[in-house]
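Here the structure comes first, spelled out in C-alpha cells, and everything after it is commentary.
Below, each value reflects all heavy atoms present in this structure, side chains not excepted, and no hydrogens, waters or symmetry copies. In this text, all values refer to a predicted model and were calculated from it rather than measured experimentally. When a ligand or atom number is given, it counts from 1 through the structure's own listing order.
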Amino acid sequence: MSAHPTSTPPLPAWLDVPSDPNDLVDGVWPTDAARDADGDLIIGGVTASALAREYGTPLYVVDEDEVRSHARRAREAFESAAARHGVAARVYYAGKAFLSTEVVRWVTDAGLAVDVASGGELAVALAAGADPGRIGLHGNNKSIAELERAVASGVGSIVVDSFQEIERLAAIVAAAGTVQDVLLRVNSGVHAETHDFLATAHEDQKFGFTLADAVRAAALVRNAEGLRLVGLHCHIGSQIFGTAGFAESAARIVSLYADLLAPSDADAAQDMRVLNLGGGFGIAYTRADRPTAIETLADGIVDAVAAECAERGVRMPDLAFEPGRAIVGQAGVTLYTVGTTKAVALEGGLERLYVSVDGGMSDNARPALYGANYSARLAARVSDAPPQLVRVVGKHCESGDIVVDAEYLPADVEPGDLLAVPATGAYCFSLASNYNFLPRPAVVAVRDGRARVIVRGETLDDLLARDAGIPPTERTA
Ligand SMILES: *Cc1c(COP(=O)(O)O)cnc(C)c1O
C-alpha cells in the first residue's frame, strides 16, 4: 500500500467517451447554440470567434433570449400549477445567481419579481428600475443600513431571519412611520441536493428559525406595530432534481402555517397568506445531468402543498418561488483561449492532457468551491481527431484551479484554440474574484446576431484604483 493513497479515481464514473467530441449536448448549451459551416460556435446568432476577436478572452457570453424564455417558462409553470388549486404564485428571480441591470430588465419584462440578499444587490435592482413593491430582501445578517434602505425604498417583503432582526426592523419601521410586510425564514430541517435529501440534522445551520422558534418569532412580529406577518419562507438547497425534498419540507412548513393561522389574534391571522418555498431547481452542467422539467417540478411541489393543506384543513396559501440558477444557468457560456497543454500519464495506460486557459477560478469558482463539474468544447473549429481525456485548468497559483475536471476534447486541441465552457450563466460572474489580480471579464449579451457589453471588463486601472499607496500621478493611463 502506498503511504499516500490516491483518493479520487482518474476519471469520474459518469464520464463516457463521446462519439463526437465536438457535439453540443442538448440542455447544457443555450437552446439556439449551433455550429456554422466552418465549425464556429454560434450563440444568439454571433460566432464565438467574432466575440473573441471583438472583446477578447476570457469572456462571459449570455444568450439574452435564453434568459427571457427560462424566466417566462418558470413563471408560467408555477402560475398554472397554482391556478389549478385556485391560488396565485409569484416567481422571484434570485438575483444572486447573476445580477446586472440588464438581466433585471429581462426577467422583470418576463413578469418576474426580484430577490436580493444585500444592499448592493438591492441597489442594482433599483438602478434597473425594478418595482420596489416586487422586490424581496433576504439575508441572515442584514445591516441596519440595509434594512433602512429597504424600508425607505418600499421593498415589498423582507424575509426576517433572527430575533434581533425583528427588533431592529420594528424600530426602523416605527421611526419611518410605515408598515412593512415580513416573511419568516424557517429552517424546515430538510436539506436537498441533486438526487437526495436529508430530512434531519440540518437545523444546525445559520439560516432561519427552527420550527420551534418560528412560533415565538411570529408572535414577536405580530406584536410589533408596523410589521405585518404575511407568510413563511423556506429554501432547502440548490441544484435539486426531484420534488421529494420540497414535498417533505412543504409538509413541515404547512404544519407550522396551520398553527400560525389560528392565533388568539384573529385579525393578525388574516394577513398570513403566502408560503415562499425558495429556489434550488437544478440544471444540466454536463451530459450526465438529467434535470426535471420546471413544469413537472412546479406541479409536484404545488400539489404536495395542496395535499398537506387539505389534510390539515387549512385554506391553501398563495405561493412564491425563487429560481436563480434555473433562469440564467443555461444561458451563459464562457470563452477562453488555450495557452499551454501538458500530457500526463495516469494509471492503467490512460493519458490526461492538461489544457490551461486564460482565466480560471477567478471567473468560475464553483469547481474549486463545490467540486462542481462542467463540460467544454472547441469553440472556433471542429476536429476529426479522436477524443482525448482532458482537464481544463486556469492560470492561478493553485493546483485546485480547475475549470473542467474531466472532459473529452479532440486530441489536437492546442495553444491558440478558443474553448467554450457552457452552463456558466449562474454563480460564475456573481462569484468572480480578482485572485492573482486578474481583471474580471466583461459580460456580453448576444441576441439576433448582435452582441453588446452589459458589464464591461475590468482594466488594470480598476485593479489599482483602490490601492491607497499609489500616487494618482503614477497610475497607468
Ligand atoms: C440561493 C437562493 C435561491 C436561488 O437558488 P438557485 O439554486 O439559484 O435556484 C433562492 N432563495 C434563496 C433564499 C437563496 O438563498
A student checking ligand 1 against His138 at a 4.0 Å heavy-atom cut-off should list atoms 13 (C)
Mind checking whether Glu322 has an N or O less than 3.5 Å away from an N or O of ligand 1?
yes
Are Ser362 and Pro58 side-chain neighbours, meaning at least one heavy-atom pair lies under 4.5 Å?
no
Side chains of Arg366 and Tyr374: is there a donor and an acceptor less than 3.5 Å apart?
yes
Is the closest N or O pair between Arg185 and ligand 1 shorter than 3.5 Å?
no
Decide, yes or no, whether a salt bridge links Glu102 with Arg452 under the criterion of side-chain N to carboxylate O below 4.0 Å.
yes
How far is atom 5 (O) of ligand 1 from its nearest protein heavy atom, and which residue and atom name does that atom have?
Tyr427 OH, 3.5 Å
Output the list of atoms in ligand 1 that are nearer than 4.0 Å to some heavy atom of Arg325, sorted by atom number.
6 (P), 7 (O), 8 (O), 9 (O)
Is it true that Asp318 and Arg273 have a side-chain N and a carboxylate O under 4.0 angstrom from each other?
no
Would you call Arg72 and Glu76 a salt bridge, using N to O less than 4.0 angstrom?
no
Enumerated ligand 1 atoms positioned under 4.0 Å from heavy atoms of Pro323:
9 (O)
Phe209: which residues meet the ring pair (Phe, Tyr, Trp, His ring centres under 6.0 Å) condition with it, sequence neighbours left out?
Phe163
Would Gly237 count as a polar contact of ligand 1, with the cut-off being nitrogen or oxygen pairs under 3.5 Å?
no
Of all the non-hydrogen atoms in the protein, which one sits nearest to atom 7 (O) of ligand 1, and at what distance?
Gly280 CA, 3.3 Å
Close N or O approach (Ala94, ligand 1; < 3.5 Å):
no
Can you tell if the side chain of Arg185 reaches within under 4.5 Å of the side chain of Cys234, non-hydrogen atoms only?
no
Mind checking whether Asp115 has an N or O less than 3.5 Å away from an N or O of ligand 1?
no
When only distance counts, is Lys96 in polar contact with ligand 1, meaning an N/O pair under 3.5 Å?
yes
